[in-house]
Asker: 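Take this structure, written in structure tokens, and hold onto it; I'll ask about it next.
Convention: sequence-line order gives letters A, B, ...; per-chain numbering from 1.
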2 protein chains.
Amino acid sequence: MKTPKEDFTPPSHCQLCKNRGHSAFHNLGAEDLDKISELKSCVSFKKGQVIMNEGSRPQGVYCIHKGKAKVYRVGTEGKEQVIRFATNGDLIGYRSILSDEPISASISALDDTYACYIPKSSFFKVIEENSKFSLNVLKLSCHELGEAGKMIASLAQKTVRERLAEILLVLRATFGEDEEGYIDLKLTREEIANMVGTATESAIRLISELKDQEYISTQGKRIKLLDRPALRQIAGVFE
Amino acid sequence: MKTPKEDFTPPSHCQLCKNRGHSAFHNLGAEDLDKISELKSCVSFKKGQVIMNEGSRPQGVYCIHKGKAKVYRVGTEGKEQVIRFATNGDLIGYRSILSDEPISASISALDDTYACYIPKSSFFKVIEENSKFSLNVLKLSCHELGEAGKMIASLAQKTVRERLAEILLVLRATFGEDEEGYIDLKLTREEIANMVGTATESAIRLISELKDQEYISTQGKRIKLLDRPALRQIAGVFE
DNA sequence: GCAAATTTATGACATAAGTCATTGATGCCC
DNA sequence: GGGCATCAATGACTTATGTCATAAATTTGC
């Protein structure tokens, strides 16, 4: 267990949060931030810990302060399918609360994660009273809806190889690189397979193939993208 | 060209619209409905006609008054993947407008369709001023986000046979049955394949198989579900 | 620092699903 | 109402991907 160099605990008031600028709370006034800060609480999750469980009814939302999480559904045979990721500044659990349905996907921490828990009541209050915030969340959910649509088409039409290249690019774009240029997230091959939507062995084989072609390199669980234009071409992403 | 028995044109005022009860406009007050009715216009689309095109920037949303539409993305090789459906009372085009992104999927009419076009400006005005409406749309997009997540897991984990059974159940639930018990929507096998995410021939083969097993029956393009519990079991849907 | 446990890597093989080709059925238009 | 176009059905074959088994390499825990 290594000692953290800095304190990852979120500040007690949202006004002081450095993630606020690129979160759904970015353009809220002091009064609304007060309302949220007042009732929020800080929580932390260890790597691998389940944050929310499919089928349950969350009593609030989490705003990730520092950490990484995956949103996934468990199918028959216990196989997971990752639907999306969340990291610093991202809101999770809001979908279920707003649609008034049980959670449709589980969420677990991909890394030690620190978050603020905002109870349903304060979240709703601000949504109802502040049209700016409501519009932010609306924008967020609509954006995610678009991404989900892209993923549906991708799963239906692309090969595993194409999807693997795509996921590697997404992971890098979402979580960034460490000092040595590796994607800043350690995942087992099985977890990567669950994101791509394929068997673990297939993912391993195709990762080896990409390595042989020198489009990527790996060191244990760490993956570095060596030739992103080539990966983009494989993925069929030209945007 | 057959003459319609009734007039499918939407009423000039939303207050009189019979779909309103189960649409995002269900709990709006008279003033807001005035605001929308004032600027809305009626449009109609022939079967097969494209309503919105991937990549474009819509200047308003459509509320379907009577008709059927599919939302889909076109992949390489021109193959379509259907992402979701829309019918009476459903809102389309809102995702792009609210996330301020180009349309991520095309929409076309599966049948002659009559809709109300609501310009962006009036839509936004009501969203901003009426938190009830804003919450309705939020609820809608969050619900669709959940459905999209289910579809992602389904595509990644289920066999074509399972997904076909699932889609048949969804079609029936969405569009209902005609007097003879057939799903009230005529689709080519190719279109069904594009919904399931498979090749046309595979869809045909599996439809024949389901027919042989007497879980469904067909008459031309019309499909009747004979044994829904069995289909649910195949689909792995127990909800 | 070593042993156990997990994870990665590969080979061999099975199989679901895609592709190509052909025939037969339906529906549509002048 | 007959011919053309589209669509459905099926067979034969290929291929991508999944499954099972085993060995090598990491990682983890004591």
Asker: To the nearest Å, give me how far apart NZ (Lys186(B)) and P (dA8(D)) are.
Answerer: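 Taking NZ of Lys186(B) and P of dA8(D), I get 12 Å after rounding.
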Asker: Between C1' on dG18(C) and NZ on Lys79(B), what's the gap in Å once rounded to a whole number?
Answerer: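 That distance rounds to 10 Å.
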Asker: In whole Å, what is the span from the CD atom of Gln157(B) to the C1' atom of dG18(D)?
Answerer: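 Those two atoms, CD and C1', are 14 Å apart.
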Asker: CG of Leu187(A) versus C1' of dT27(D): gap in Å, rounded?
Answerer: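 Checked: the CG to C1' distance equals 16 Å.
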Asker: Taking only N/O atoms, report every protein-nucleotides 23-30 of chain C pair under 3.5 Å with atom names and distance.
Answerer:
none

Asker: How long is the span from the OG1 atom in Thr159(B) to the CG atom in Leu164(B), to the nearest 0.5 Å?
Answerer: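 Between Thr159(B) OG1 and Leu164(B) CG, I get 9.5 Å after rounding to 0.5 Å.
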Asker: I need the CG-P distance between Leu164(B) and dG18(C), as an integer number of Å.
Answerer: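 Computing the Leu164(B):CG to dG18(C):P distance gives 12 Å.
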Asker: Among Ile234(A), Val196(A), Ile207(A), Ile216(A), exactly one meets side chain to side chain contact (heavy atoms under 4.5 Å, CB included) together with Leu168(A). Which residue is that?
Answerer: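 Testing Leu168(A) for a side chain to side chain contact (heavy atoms under 4.5 Å, CB included) against Ile234(A), Val196(A), Ile207(A), Ile216(A) leaves exactly one candidate, Ile216(A).
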Asker: Does the plane of the ring in Tyr117(B) sit parallel, tilted or perpendicular to the ring in Tyr62(B)? Use 30° and 60° as the thresholds.
Answerer: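 Tyr117(B) and Tyr62(B): tilted rings.
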Asker: How far does CD of Glu191(B) sit from CG of Asn194(B), to the nearest 0.5 angstrom?
Answerer: 7.5 Å
Asker: Between Glu191(B) (CD) and dA8(D) (C1'), how many Å, whole number?
Answerer: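 Computing the Glu191(B):CD to dA8(D):C1' distance gives 14 Å.
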Asker: Could you check how far CG of Asn194(B) sits from P of dA8(D), rounded to whole Å?
Answerer: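 Going from Asn194(B) (CG) to dA8(D) (P), I get 12 Å.
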Asker: Between CG of Asp111(A) and NZ of Lys66(A), what distance do you get to the nearest 0.5 Å?
Answerer: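 Those atoms lie 8.0 Å apart.
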Asker: In whole angstrom, what separates Glu190(A)'s CD from dA9(C)'s P?
Answerer: 14 Å
Asker: What pairs of donor and acceptor atoms, side-chain ones from residues 90-97 of chain A against any protein atom, are under 3.5 angstrom apart with sequence neighbours left out?
Answerer:
residue	atom	partner	partner atom	Å
Asp90(A)	OD2	Thr87(A)	N	2.9
Tyr94(A)	OH	Glu144(A)	OE1	2.8
Arg95(A)	NE	Ser104(A)	OG	3.4
Arg95(A)	NH1	Ser99(A)	OG	3.4
Arg95(A)	NH1	Glu101(A)	OE1	3.1
Arg95(A)	NH1	Cys142(B)	O	2.7
Arg95(A)	NH2	Ser104(A)	OG	3.2
Ser96(A)	OG	Glu101(A)	O	2.6

Asker: Distance from Leu155(A) atom CG to Gln81(A) atom CD, nearest 0.5 Å?
Answerer: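 These two atoms lie 6.0 Å from each other.
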Asker: Which residue pairs pass the ring pair (Phe, Tyr, Trp, His ring centres under 6.0 Å) test with at least one member in residues 194-225 of chain A, sequence neighbours excluded?
Answerer: none
Asker: For Lys224(B), which residues count as a side-chain hydrogen bond (donor to acceptor under 3.5 Å, both in side chains) partner, sequence neighbours excluded?
Answerer: none
Asker: Does Arg189(B) have a side-chain nitrogen or oxygen under 4.0 Å from the phosphate oxygens OP1 or OP2 of dA9(D)?
Answerer: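 Indeed, a polar side-chain atom of Arg189(B) lies that close.
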Asker: Describe, as an angle rounded to 10 degrees, how the axis at the first end of the helix from dG1(C)-dC30(D) to dC30(C)-dG1(D) is tilted relative to the axis at the last end, five pairs per end.
Answerer: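 One end's axis against the other's: 60°.
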Asker: Hey, what do you get for CD (Glu201(B)) to CD (Glu190(B)), rounding to the nearest 0.5 Å?
Answerer: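 Between Glu201(B) CD and Glu190(B) CD, I get 9.5 Å after rounding to 0.5 Å.
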Asker: Nearest 0.5 Å please: distance from the CG atom of Asn88(A) over to the CZ atom of Phe175(A).
Answerer: 9.5 Å
Asker: Does anything in residues 195-213 of chain B reach DNA chain D, meaning a heavy atom under 4.0 Å, and if so which residues?
Answerer: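 Contacting residues: Glu201(B), Ile204(B), Arg205(B), Ser208(B), Lys211(B).
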